[in-house]
Amino acid sequence: MSIKYNPQKIEKKWQNFWEKKGFYRAQNPAPSQKRLGPKFYILVEFPYPSGDGLHVGHVRSYTALDAVARKKRMQGFNVLYPMGWDAFGLPAENYAIKTGIHPSITVKKNIANFKRQMKSLGLSFDWEREINTTDPKYYKWTQWIFLQLFKNGLAYKKKMPINWCPSCKIGLANEEVVDGECERCGAQATIKEKEQWMLKITKYADRLIKDLDKVNYLEKIKAQQINWIGKSFGTEVDFKLEKTDKKITVFTTRIDTIFGATAVVISPENPLVQEITKKEKETEVKRYIKQSKQKSEFERINLEKTGVFTGAYCINPLNNEKVPIWVGDYVVAAYGGGAVMMVPAHDARDYQFAKKYELAIKEVVSGGDIKKEAFTDYGALINSGEFDGLSSEKAIKIITQWLEQKKLGRKTIQYKLRDWVFSRQHYWGEPIPIIHCKKCGQVPVLEKDLPVKLPFVKKYQPTGTGESPLAAISSWIKVKCPKCKGPAKRETDTMPNWAGSSWYFMRYLDPKNDKKITDPKKLKYWIPVDWYNGGMEHTTLHLLYSRFWYKFLYDIKVVPQSEPYAKRTSHGIILAQDSRKMSKSWGNVINPDDIIKQYGADSLRLYEMFMGPFDQMIAWDTKGIIGVRRFLDRFWNLVLSCINNKKSNKEIQSAFNKLIKKITEDLDNAKFNTAVAAFMEFSNLVSSNQDKTGKDVIEKLLILFAPFASHITEELWSLSGFKKSVHLQKWPVYNPKLIKEEKITLVIQINGKVRDKIEVAVDISENKAKEIALSQEKIKKWIADKKIKKVVFIKNKLINIVV
RNA sequence: GCCGCGGUGGUGGAAUGGCAUACACGGGGGACUUAAAAUCCCCUGGCCGAAAGGCCAUGUGGGUUCGACUCCCACCCGCGGCACCA
């Protein structure tokens, strides 16, 4: 064995070679390129280029899908596998506050590092299409989409509670609030009302659920999205206020229990509170509302349910009973109108509330023991007048119809999904392209004036008023109103992190187009993304947001389909060796650079695919990577010792054809771990049959293995004397004839237990098999003088003799 | 509480109705070496047995089936998501 496997020596060489040759550039369709082959668009989530560099979790997703991309190219597909940078975000801004270094400089540095790391892994990204969300040429189009949303009435401003740190005097993003405290200074975070830009995602709630039928996402992803949107069918009922024409409308999914409603409870935020509260109760109610405003989210949810009587009453439309109206902060303001009917006998929360305030508990559905606890199941109605005896299911239908006829209620659908809070009071984000004019109101920036560039500032410190740092740059703020040319002011809020990533997959198709967001022809050719992989944590935010934007773009005829991603998978996170999360503070972070340096990129790639099922969480184990490296060493020697042999024998050929089948299928099904295991298994077979394995199989084996270990295969391929890259070879196709066995091992069972195995010709008949089986010494012993009751024969698998 | 996923050797895991424990790690033994590392070869679920062989074992308890890790029912445990959503 003359040459030794030395990844450090060969990997860089081939990475440079591939880059120079431009193998991985996707071809856009043009009239002259008729024979491009079918397209295949593979997308992995682009990273936020943090100062910490690439995480082994990124590597897991990128290398697995890199293997898929490489295989698809070899199968003749025109593959697009792009990469870019989701570079707006708080860490860069916080770093700027600390050091005064502009975020764009930090980001540039981090991107260079990420890119170097990705290249050192031998990933086949098409770097010609690299995008960066903080590039004005990119965010011009993010702003453009916002303008379309605004013009179509889907972007609006509304007073919303935001997290506020009274010590830093700054609005906090949800992720900056840890256990109710400000992440920076540890002060108790409070709530502050502020005007916020909102996007009307709720308008798309139903379609976002329904269209999941059209796509191939992992079931758990679909389930989580459906859950998050939270569609529920129910009834709205109007409770007339006593002695007025006003009414309170409540939402319920259990209209069958309305005869048991002993109070109506409205949330403290409900504007009706002021209107209805009786004089004598005013101080008490005001005090209560003030108190609940000071409560943290945690307190509101976990402490005892509380409330206060307003002194007012309304009328239950079913039985005309007088029902007291209470204010309670356990009622969610933003859901179902912020008002509920309280049915203590049949709702656990209402039961608790009623016990505390000694309100009546009236049983109207039989089946439980309401002295002990609320009965929340369906049952037969009692104490419900003309509806007595009906089942809950029927009563829900009939009572709703009754209400509809009398115009006192209606069937309705509620969603848990809320509109998307789209404003951030931060510097490092896309400026929202709106101009405020005293005369004309909110005026969109003219499209020809896009992008609204983020101005350079000297101070990134928060302003203390809750406005973004942009509010301090008067020269930037002062503009002419595009409509009336009068003096006006720019919007100073910026967009959230999620903005740039909500449409980035479109820009890869046409990254340099400055006339259009993307050429429609290219959209038509490439979209949908054929396979999108990313983290489970993005299911309910990024994935949903981007589907929403895409559907909107479809509605305004910018894109040709209504769903952007045909298939979505998710990789499990990689924990540290100690099974905790990798974190700098724990000191258990694995840096891909170190692994590559020590074991080579191919070992890292292969290990991350081999470590366990792709979608499952798993702990890092450095022992495992040593095992993979050992395998590569053996593989190297094996190839070199067999590559000049003549022809493989039947057994090897048959095993190899099975391997082709397995690898092809496993890659399509994201079963990377078993694919790698199959390579190991086949190598073990070759290892003990070296003289029977020839170049016919070895050459194809290199091709088959190239998507996984892209460097070692390229080196061995070239050592074998080939000039053209292994990655430009055709993907092997298995020969069904060679896969078919001539002989099989037939399992003989007695009463379902394996007692013997025999080698027989394939497709042996039942009678023949039975004859042979019964003649086996071992089997004779088991049967002895017992009577054979039944014989089950499964062709080419087993024969089971029941005695 | 609701939704989803999972529970298999000492460890990561394989097998979705038909040979349980592939592949790898770790462990044990041997070869090579003055020695060690590396490498190579053999063994490695538990129990009984000298061996042949047998019995037991896929979270627990039932069921369906000639046959169950796999399907059905009930339960226990772990993980992830949502959660005062009426």
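All figures in this text were calculated on a predicted structure; none of them were measured in a lab. Every chain is numbered from 1, with letters handed out A, B, ... down the list of sequences.
Between His571(A) and Phe614(A), the ring planes are tilted. Angles from 30° to 60° get that label. Taking the six-membered ring for Trp and thresholds of 30 and 60 degrees, Trp326(A) and Phe353(A) have ring planes more than 60 degrees apart, a perpendicular arrangement.
In the set G12(B), G18(B), A86(B), A86(B) carries the atom at the smallest distance from any side-chain atom of Tyr330(A). Considering only side-chain atoms of Tyr335(A), the nucleotide from A86(B), C66(B), A22(B) that sits closest is A86(B). Of all nucleotides listed (A86(B), G4(B), A14(B)), A14(B) comes nearest to the side chain of Thr674(A). Listed nucleotides: A24(B), A14(B), G18(B). Nearest to the side chain of Asn673(A): A14(B). In the set C25(B), G13(B), G54(B), the nucleotide with an atom closest to the side chain of Ile618(A) is G13(B). The Arg634(A) side chain lies nearest to A24(B) when the options are A24(B), G26(B), A15(B). Among G13(B), C23(B), A86(B), the nucleotide with an atom closest to any side-chain atom of Ser232(A) is A86(B). In the set C19(B), C23(B), C25(B), the nucleotide with an atom closest to the side chain of Val754(A) is C19(B). Here G18(B) is the nucleotide among G13(B), G18(B), C3(B) with the atom lying nearest to any side-chain atom of Lys797(A). The side chain of Leu798(A) lies closest to G18(B), out of C19(B), A86(B), G18(B).
Looking at heavy-atom distances under 4.0 Å, Val802(A) makes contact with sugar-phosphate atoms alone, never a base. Asp633(A) comes within 4.0 angstrom of no nucleic acid atom, judged by non-hydrogen atoms across all strands. Within the 4.0 angstrom heavy-atom criterion, base atoms lie near Lys757(A). Counting non-hydrogen atoms under 4.0 angstrom, Gly230(A) reaches nothing in the nucleic acid. Heavy atoms of Met617(A) sit under 4.0 angstrom from primed sugar atoms or phosphate atoms, though from no base atom. Among the protein residues, Lys789(A) comes within range of no part of the nucleic acid, since none of its heavy atoms lies under 4.0 Å from any strand.
A24(B) is paired with U11(B) under the Watson-Crick or G-U wobble criterion, all donor-acceptor distances under 3.5 Å. With a 3.5 Å ceiling on both atom-pair distances, the Watson-Crick or G-U wobble partner of C55(B) is G46(B). U39(B) and A31(B) make up a base pair, with Watson-Crick or G-U wobble contacts both under 3.5 Å. C71(B) and G63(B) make up a base pair, with Watson-Crick or G-U wobble contacts both under 3.5 Å. Of the nucleotides present, G78(B) is the one that pairs with C5(B) by Watson-Crick or G-U wobble criteria, both distances under 3.5 Å.
Put simply, Lys790(A) has a side-chain N or O that comes within less than 4.0 Å of OP1 or OP2 on C66(B). Look at Lys222(A) and you won't find any side-chain N or O under 4.0 angstrom from OP1 or OP2 of C5(B). An OP1 or OP2 oxygen of G13(B) is reached within less than 4.0 angstrom by a side-chain nitrogen or oxygen of Gln616(A). A sub-4.0 Å separation between OP1 or OP2 of A15(B) and a side-chain N or O of Lys671(A) is present.
Rounded to whole Å, the separation between the P atoms of C23(B) and C43(B) comes to 12 Å. Separation of the C1' atoms belonging to G78(B) and G62(B) is 23 Å when rounded to the nearest angstrom. Look at the C1' atom in both G9(B) and G63(B): the space between them is 28 Å, to the nearest Å. The same atom, C1', is picked in C82(B) and in U64(B); the two are 36 Å apart, to the nearest Å. To the nearest whole angstrom, the two P atoms, one in A22(B) and one in U16(B), are 15 Å apart. On the P atoms, C71(B) is 15 Å away from C19(B), given to the nearest whole Å. Going from the P atom of A14(B) to that of C76(B) covers 27 Å, rounded to whole Å. Atom P of A37(B) sits at a distance of 13 Å from the matching atom of G26(B), rounded to the whole Å.
Although no hydrogens or angles enter the test, the distance criterion places a donor-acceptor pair under 3.5 Å between the side chain of His346(A) and the main chain of Phe375(A). Looking at Asn533(A), its side chain does come within 3.5 Å of a backbone N or O of Ser570(A) through a donor-acceptor pair.
Electrostatic pairing of Glu236(A) and Arg410(A) counts as a salt bridge here, judged by a charged N lying under 4.0 Å from a carboxylate O. Between Lys780(A) and Glu777(A) a salt bridge is recorded (basic side-chain N to carboxylate O distance below 4.0 Å). Ion pairing between Lys692(A) and Glu651(A) fails under the 4.0 Å rule for side-chain N and carboxylate O.
Comparing Lys781(A) and Val792(A), the nucleotide of RNA chain B nearest to each residue sits closer to the 5' end for Lys781(A). Comparing Asp350(A) and Arg755(A) by the nucleotide of RNA chain B that holds the closest heavy atom to each, the one mapping nearer the 5' end is Arg755(A).
Following rounding to the nearest Å, Phe679(A) (CZ) and A24(B) (C1') show an atom-to-atom distance of 16 Å. Straight-line distance from the CG atom of Asn800(A) to the C1' atom of C66(B): 5 Å, rounded to whole Å. Between the P atom of C25(B) and the CH2 atom of Trp620(A) lies a distance of 15 Å, rounded to the nearest Å. Here A38(B) presents its P atom at 13 Å from CZ of Arg629(A), a figure rounded to the nearest Å. Following rounding to the nearest Å, Phe614(A) (CZ) and A14(B) (P) show an atom-to-atom distance of 14 Å. Note: CZ (Phe631(A)) to C1' (A22(B)) measures 14 Å, nearest angstrom. Taking atom NZ of Lys416(A) as the reference point, atom P of C3(B) lies 11 Å away to the nearest angstrom. We find that CD of Glu537(A) is positioned 19 Å from P of C5(B), with the value rounded to whole Å.
Side-chain atoms of Gln224(A) stay outside donor-acceptor range of the base of G80(B), with no qualifying N/O pair under 3.5 Å.
Of all the heavy atoms in Ile3(A) and Trp636(A), the pair that sits closest is O-NE1, 3.1 Å.
Nucleotide G9(B) is shown with a syn base, its glycosidic torsion being within 90° of 0.
Side-chain atoms of Arg755(A) and Gln776(A) form no donor-acceptor pair, as typed in the model, at a separation below 3.5 Å.
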